[in-house]
Q: 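Mind having a look at this structure? Questions to follow.
What's counted below: heavy atoms across the whole structure, side chains too, no hydrogens, waters or symmetry copies.
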Amino acid sequence: MQLSNRLVKWLISTPPLLFLLIFFAAPGAIMVLTSFRLPGEFGGLAPVHILPGNVSEESGLSIETYQFFFSDFIYLEIFLKSFVVATLTTIICIAMAYPLALLIARSRKKFRNLMIMLVVLPFASNFLIRIYAWMIILGPESTLSHAINHVLAVFGIAPVTLLFSPFAVLIGMIYVHLPFMILPLYTNLEKHDLILLDAAQDLGANRWQRFWYVTWPQSLPGIFSGSALVFIPVLGMFAIPDILGGTGDIMIGNLIKDQFLGTRDWPFGSTLSIMLTLAVLVIAGLFARLAKPATRIT
């Protein structure tokens, strides 16, 4: 009987374990090893010639990429810019998603399902098509651009270009990632016990106090979960800055893409990927810790 239980456990756990090893651990190990290699003369990787006691540059192994990364402030600046964009996107998504998620959670069930379908409906179309649509919306000849510049002209302000700007990148990020904030918030808010709000009202709490002291604390796990689903993908996003951003709107994802597909400096691209992965792991651990419901000893 005990042998049978062990066999069942192995049969259940082996497929996902193999999947993680093949598609996550192995590529991660390859990326780490690549970061210690030297770039080839025409891109890619230089050959490795390891002899006993020879770990010099002639062997094809080096820590040059890490030294280069920490010696040039421009890469830290790009990292910081990516963090700023991810932070702004997350904050704005919270501000926009919370009222909508609360409205869906408090609606009747027949309307609730329709609202959820409308939230996930954009996923039915191609990602790039939706981003290219924003090029039309934010273009210089669009109705939105004309309206904004007309208002600015009334106040004597020079016309502005919406497309190929940090504003366009931020709008694209918010548009793409907003559903990832709405869904975790809705899942959390839908489980709230409304009796607690009635009890707070009976104790004299007004609408704002009921929200701040009852609804908001209970929704923090949903906020942290949604923040992780928004912040981490935005940090590594490269398609939106490429399409909607200008030459000065490069993010860490664009830099990594350019190292692999443009300059073909695979070792440095791997080093940047490792730095981004470490940052993401730290952030994911922080969000996981914050999203964990607090336990009280009574």
Side-chain angles (χ1 to χ4, degrees), residues 23-24 26-49 57-89 126-136 138-139 161-173 175-177 231-281 283:
F23 294 103
F24 288 91
I30 293 173
M31 184 174 65
V32 172
L33 294 174
T34 302
S35 68
F36 290 102
R37 299 277 298 274
L38 289 173
E41 186 177 355
F42 301 103
L45 300 174
V48 177
H49 304 288
E57 289 194 1
E58 289 76 12
S59 67
L61 298 177
S62 173
I63 60 171
E64 178 183 329
T65 55
Y66 290 93
Q67 293 173 337
F68 185 62
F69 174 81
F70 288 107
S71 64
D72 199 331
F73 180 74
I74 189 173
Y75 301 112
L76 178 60
E77 184 180 352
I78 294 175
F79 258 94
L80 292 177
K81 183 190 296 185
S82 302
F83 272 90
V84 169
V85 172
T87 301
L88 286 175
T89 302
N126 184 272
F127 168 80
L128 290 178
I129 293 177
R130 289 185 283 138
I131 299 303
Y132 278 112
W134 276 102
M135 294 185 68
I136 301 174
L138 299 175
T161 302
L162 301 181
L163 190 60
F164 306 132
S165 66
F167 173 78
V169 173
L170 187 62
I171 290 294
M173 293 292 191
Y175 167 73
V176 168
H177 296 92
F231 188 93
I232 293 174
V234 170
L235 201 58
M237 178 64 68
F238 65 88
I240 294 176
D242 265 354
I243 297 172
L244 300 180
T247 55
D249 297 308
I250 185 172
M251 294 176 61
I252 186 62
N254 304 97
L255 187 60
I256 293 173
K257 186 206 71 170
D258 289 340
Q259 296 302 314
F260 281 101
L261 303 180
T263 61
R264 288 181 51 81
D265 189 348
W266 293 2
F268 190 57
S270 298
T271 300
L272 292 173
S273 300
I274 291 171
M275 295 295 105
L276 179 60
T277 302
L278 292 176
V280 167
L281 289 176
I283 295 167

Q: Any chance CG of L278 has more than 12 other-residue heavy atoms, nucleotides or ligands included, within less than 6.0 Å?
A: yes

Q: Can you name the closest pair of heavy atoms from V85 and L170 and give their distance?
A: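 In terms of heavy atoms, the two residues are closest at O-CD1, 4.3 Å.
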
Q: Between the side chain of S82 and the main-chain N/O of I252, is any donor-acceptor distance below 3.5 Å?
A: yes

Q: Minimum heavy-atom separation for D249 and N254, please, with both atom names.
A: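 Smallest interatomic distance, heavy atoms only, reads O-OD1, 4.4 Å.
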
Q: How long is the span from the CD1 atom in I243 to the CG atom in L163, to the nearest 0.5 Å?
A: 10.5 Å

Q: To the nearest 0.5 angstrom, please state how far the CZ atom of F238 sits from the CG atom of L261.
A: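 Reported to 0.5 Å precision, the distance equals 8.0 Å.
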
Q: What distance do M135 atom CE and F164 atom CZ have between them, rounded to the nearest 0.5 Å?
A: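 The distance works out to 4.0 Å.
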
Q: Which atoms form the tightest heavy-atom contact between S270 and T34, and what is the distance?
A: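 Taking every non-hydrogen atom into account, OG-CG2, 3.2 Å.
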
Q: Could you report the tightest heavy-atom contact between P267 and R37, atom names first, then the distance?
A: CB-O, 3.2 Å

Q: Quick check: does any side chain N or O of S62 sit under 3.5 Å from a backbone N or O of L38, one acting as donor and the other as acceptor?
A: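 Not a single qualifying donor-acceptor pair exists.
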
Q: Which atoms form the tightest heavy-atom contact between I283 and F83, and what is the distance?
A: CD1-CE2, 3.4 Å

Q: Any chance you could measure M237, atom CE, to L235, atom CG, to the nearest 0.5 Å?
A: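 That separation rounds to 11.0 Å.
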
Q: Parallel, tilted or perpendicular: which describes the rings of F268 and Y75, with under 30° parallel and over 60° perpendicular?
A: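 F268 and Y75: perpendicular rings.
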
Q: How many angstroms lie between atom CD1 of I74 and atom CZ of F69, to the nearest 0.5 angstrom?
A: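 So the CD1 of I74 and the CZ of F69 are separated by 12.0 Å.
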
Q: Using modelled atom types only, decide if a donor and an acceptor are shared between the side chain of D258 and the backbone of L255 within a distance under 3.5 Å.
A: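 Checked: no pair found.
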
Q: Tell me the closest heavy-atom pair linking M251 and V234, and the distance in Å.
A: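 So the minimum-distance heavy-atom pair works out to CE-O, 3.4 Å.
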
Q: From T271 OG1 over to F70 CZ, what is the distance, rounded to the nearest 0.5 angstrom?
A: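 If I round to the nearest 0.5 Å, the distance is 9.0 Å.
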
Q: Set out, in order, the CA-CA distance, both residues' side-chain angles and the distance that settles side chain to side chain contact (heavy atoms under 4.5 Å, CB included) for Y66 and I274, then state yes or no.
A: CA-CA 10 Å; Y66 290 93; I274 291 171; 3.2 Å; yes

Q: Step by step, work out the side chain to side chain contact (heavy atoms under 4.5 Å, CB included) result for F127 and I240.
A: CA-CA 10 Å; F127 168 80; I240 294 176; 4.0 Å; yes

Q: Answer yes or no: are there more than 12 heavy-atom neighbours, outside Y132 itself, under 6.0 Å from its atom OH?
A: no

Q: Between L138 and F167, does a side chain to side chain contact (heavy atoms under 4.5 Å, CB included) hold up when you go through it step by step?
A: CA-CA 10 Å; L138 299 175; F167 173 78; 4.3 Å; yes

Q: Can you tell me if I63 has over 12 outside heavy atoms packed within less than 6.0 Å of its CD1?
A: no

